[in-house]
There are 2 protein chains.
Amino acid sequence: MIKRTKGVTISQVADAAGVARSSVSRAFTRPDMLSPETVERILRAAETLGYVPNHTARALSTGRHGNIGLIVPDIANPFFPPLIQAAQTEADRSDFCIFLGNTAENPKQEDKLVGRFAGQVEGLVLASSRLSDERIRAHATQLPLVLINRDIEGIPRVLIDSSAGVRQAVEHLANLGHRKIAYVSGPAASWSNKQRRSAIRAGATARGMELSIIPTPSPTYQAGREAVDAVLQTGASAVVAFDDLTAQGILTGLAERHIVVPRDFSIIGCDDVLGAVTFPALTSVSNHSVDVGRIAISMLLDILRSRNVADVRYALDTKLVVRDTTADAPSQGLQLG
Amino acid sequence: MIKRTKGVTISQVADAAGVARSSVSRAFTRPDMLSPETVERILRAAETLGYVPNHTARALSTGRHGNIGLIVPDIANPFFPPLIQAAQTEADRSDFCIFLGNTAENPKQEDKLVGRFAGQVEGLVLASSRLSDERIRAHATQLPLVLINRDIEGIPRVLIDSSAGVRQAVEHLANLGHRKIAYVSGPAASWSNKQRRSAIRAGATARGMELSIIPTPSPTYQAGREAVDAVLQTGASAVVAFDDLTAQGILTGLAERHIVVPRDFSIIGCDDVLGAVTFPALTSVSNHSVDVGRIAISMLLDILRSRNVADVRYALDTKLVVRDTTADAPSQGLQLG
DNA sequence: CTGTTAGCGCGTTCAG
DNA sequence: CTGAACGCGCTAACAG
């Protein structure tokens, strides 16, 4: 049976060391304000008593908790883990702690989480938020906010600008002779989705290609797999997917119908997180999830330090990474198995 | 430019409603102790002032924060996201909030995180901890702890018992005619790894098979891919991998060497999280990451309610799920490309 | 350099 | 049913 020790307080340490409470406090936060020997004596006493500063009490008094919240729509999506890792590393450098929240693509859950986090964190990073602009603006009045892949004027944001990469993807397909293509889209509330969709539209128009849009409920492997029938019905010979996960699902769906990629059909993902993990290796639009995570946190920390919200809009560029899922359009249309 | 509103306190609400501070407090925590009309009046005042209870102050006073921490070694490993989701859902049912921490497989980082979380959470779930028994025991004296996939007597734990499933895997390979097999292992500090390794050893011995153990630095796609040379040098015709991620890496490594799975080589994963996502679809040992997440949280909540740590050991069973990466052993040995 | 004195915002006795 | 008073553990002026 495990015994639990109960919180030893600052005053007990003060008594044990024969000093005032404030000195103990200083020994931990401003050792340079005490004589070295006093610090030493206090630390020794604290050590033997097993004193550990009470984070909650400190936060109540200073208003600083040393935590920052990071909320993502779906940890299971391979786009986020690297971002999260990078965020954590960056936060760590300034001795901040990341509280991670997962909304399961659910705006209500996201709203709830933000409310729950506010008050325990000094600031919040919202990645690929599914909330309305109004809700986000409302939250921004409560605490410092940084957005990832969401473009709201007046709120600091860091964006992966897919347009260049997506444009290259369309060019790539056009050069391979594809005339009819499809875009398997992502969540309606996703900024990235809107952005990618219009980039494709622009590219297709420019090259006189026929474009169909296939909706999906959420960016998942399963959704991609189930979108395949709809894709095939459009008569397209190539598809661009909202993200790599969806693309991977499409890959499987095609294989199940004995359609060989890239011989019979070409496919391009976005985010480039599955890279060579799929078979065949997926052609995809690069991203910078690591940089984005790092930059967002660094921005937030700057804001926390300066107490001053500038209207920053940090956009990162993208490009196409060609691998093995794209090839010449089939010469006489798709051979359905 | 976004303006930030500053914390409206309980006393402001009290003034506005013409009551004492304590009444406002009660209106939120024990409405049944006030007259309905008073409650109504207070809530109205709070609403218009935009009052929101200060979580930190409340926690300081009550010792209850309504948070529980969940620490995992690697969010990027597909084993964890479903577990995390389930944990979050279960916590939500009791109106608790999950703080997620990621240790990047680093014991020092894990130790740091636990220290950082303790004091802001009421209890902690450590999933696949890489800490030593001593450290875990030490932490357990500080706050309620529940372990996932770590078997320490005296500390509540929920375990996925792979032995049955792994045993079936070995039987399966034996029946297919494989005589020499290899185990590509996981982290040294992993309880699951130790357990799986001994299950394989027992099975191989029982069927008179030759077994080689290949170490890896961490359970990742990359590690699996890099382990392939070592695997091939053992002369094995089949391999069991510590987890699906490693197995997927091995799959790629084999493909790169033009070794066709399952014709030339058989492979089995563990955790069954990549299921049909790989190509060919991976034969794997089932798991219950969802149940494990749910159960661990539910256990912790029980402990928090009863203030009483029982020595619970909850073990879940596993079985083999056969898909397309296992087949008869090649009749005249492996044809190296 | 160190001790003293106020709060931080809220929950909770304990009288009325 | 309500209000006044105290304390949670710590930091931040302000003296000395």
Side-chain angles (χ1 to χ4, degrees), chain A residues 5-43 45-46 49-67 95 115-116 118-122 142-143 307, chain B residues 5-43 45-46 49-67 115-116 118-122 142-143:
Chain A
T5 68
K6 254 314 229 213
V8 29
T9 80
I10 206 173
S11 354
Q12 303 181 34
V13 179
D15 291 352
V19 297
R21 296 197 296 272
S22 51
S23 298
V24 179
S25 172
R26 285 176 189 131
F28 282 87
T29 55
R30 301 190 137 47
D32 49 306
M33 288 184 76
L34 278 332
S35 83
E37 41 208 12
T38 310
V39 173
E40 169 64 15
R41 185 152 40 98
I42 293 176
L43 291 186
L49 287 187
Y51 167 74
V52 38
N54 183 320
H55 202 92
T56 310
R58 179 184 305 202
L60 177 59
S61 166
T62 61
R64 218 169 307 117
H65 335 228
N67 305 324
D95 211 47
R116 215 69 171 52
Q120 332 198 38
V121 301
E122 293 182 40
Q142 302 296 320
L143 81 175
R307 251 46 204 104
Chain B
T5 67
K6 252 313 226 221
V8 29
T9 81
I10 206 172
S11 359
Q12 304 181 30
V13 179
D15 291 353
V19 296
R21 297 195 293 275
S22 49
S23 298
V24 179
S25 173
R26 286 177 188 127
F28 282 86
T29 56
R30 296 185 144 42
D32 49 305
M33 288 182 75
L34 272 358
S35 82
E37 42 208 12
T38 311
V39 173
E40 168 64 13
R41 185 152 40 97
I42 294 176
L43 290 185
L49 287 188
Y51 167 74
V52 39
N54 183 319
H55 202 92
T56 310
R58 179 183 305 203
L60 178 59
S61 167
T62 62
R64 213 168 308 116
H65 332 230
N67 305 324
R116 215 69 171 52
Q120 331 199 39
V121 301
E122 294 182 39
Q142 302 296 323
L143 82 174

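Chain letters run A, B, ... following the sequence lines, proteins first and then strands; every chain starts at 1.
- Taking 4.0 angstrom as the limit, A:Thr62 places none of its side-chain polar atoms (N or O) nearer than this to OP1 or OP2 of D:dC10.
- In the displayed structure, B:Arg21 atom CZ is contacted under 6.0 Å by at most 12 heavy atoms of other residues, nucleotides or ligands.
- Minimum atom distance to the side chain of B:Asn54 is reached by C:dC10, of the listed C:dC10, D:dG9, C:dG11.
- When heavy atoms are screened at a 4.0 angstrom cut-off, B:Tyr51 is found touching the sugar-phosphate backbone but no base atom.
- Residues B:Arg26 and B:Ser22 are in side-chain contact: their nearest non-hydrogen atoms beyond the backbone lie under 4.5 Å apart.
- Contact annotation for B:Thr56: no contact, since no heavy-atom pair falls under 4.0 Å across all strands.
- Distance from the side chain of A:Ser35 is smallest for C:dC1 among the nucleotides D:dG9, C:dC1, C:dG11.
- For the pair A:His55/A:Asn67, a side-chain contact is recorded, criterion being any heavy-atom separation below 4.5 Å from C-beta on.
- Only A:Ser22, A:Ser25, A:Arg26, listed by number, bring a heavy atom of residues 18-26 of chain A to less than 4.0 angstrom from any atom of DNA chain D.
- Looking at which nucleotide of DNA chain D each of B:Leu60 and B:Asp32 is closest to, the 5′-most match is held by B:Asp32.
- Side-chain contact between A:Asn54 and A:Thr9 is absent, with no heavy atoms from C-beta onward closer than 4.5 Å.
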Quiz item: So A:Thr29 and A:Arg58, side chain to side chain contact (heavy atoms under 4.5 Å, CB included) or not? Walk me through it.
Solution: CA-CA 11 Å; A:Thr29 55; A:Arg58 179 184 305 202; 4.2 Å; yes
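- Counting non-hydrogen atoms under 4.0 angstrom, A:Thr38 reaches the backbone sugars and phosphates but no base.
- Nearest heavy atoms, A:Arg41 versus A:Gly18: NH1-O, 4.4 Å.
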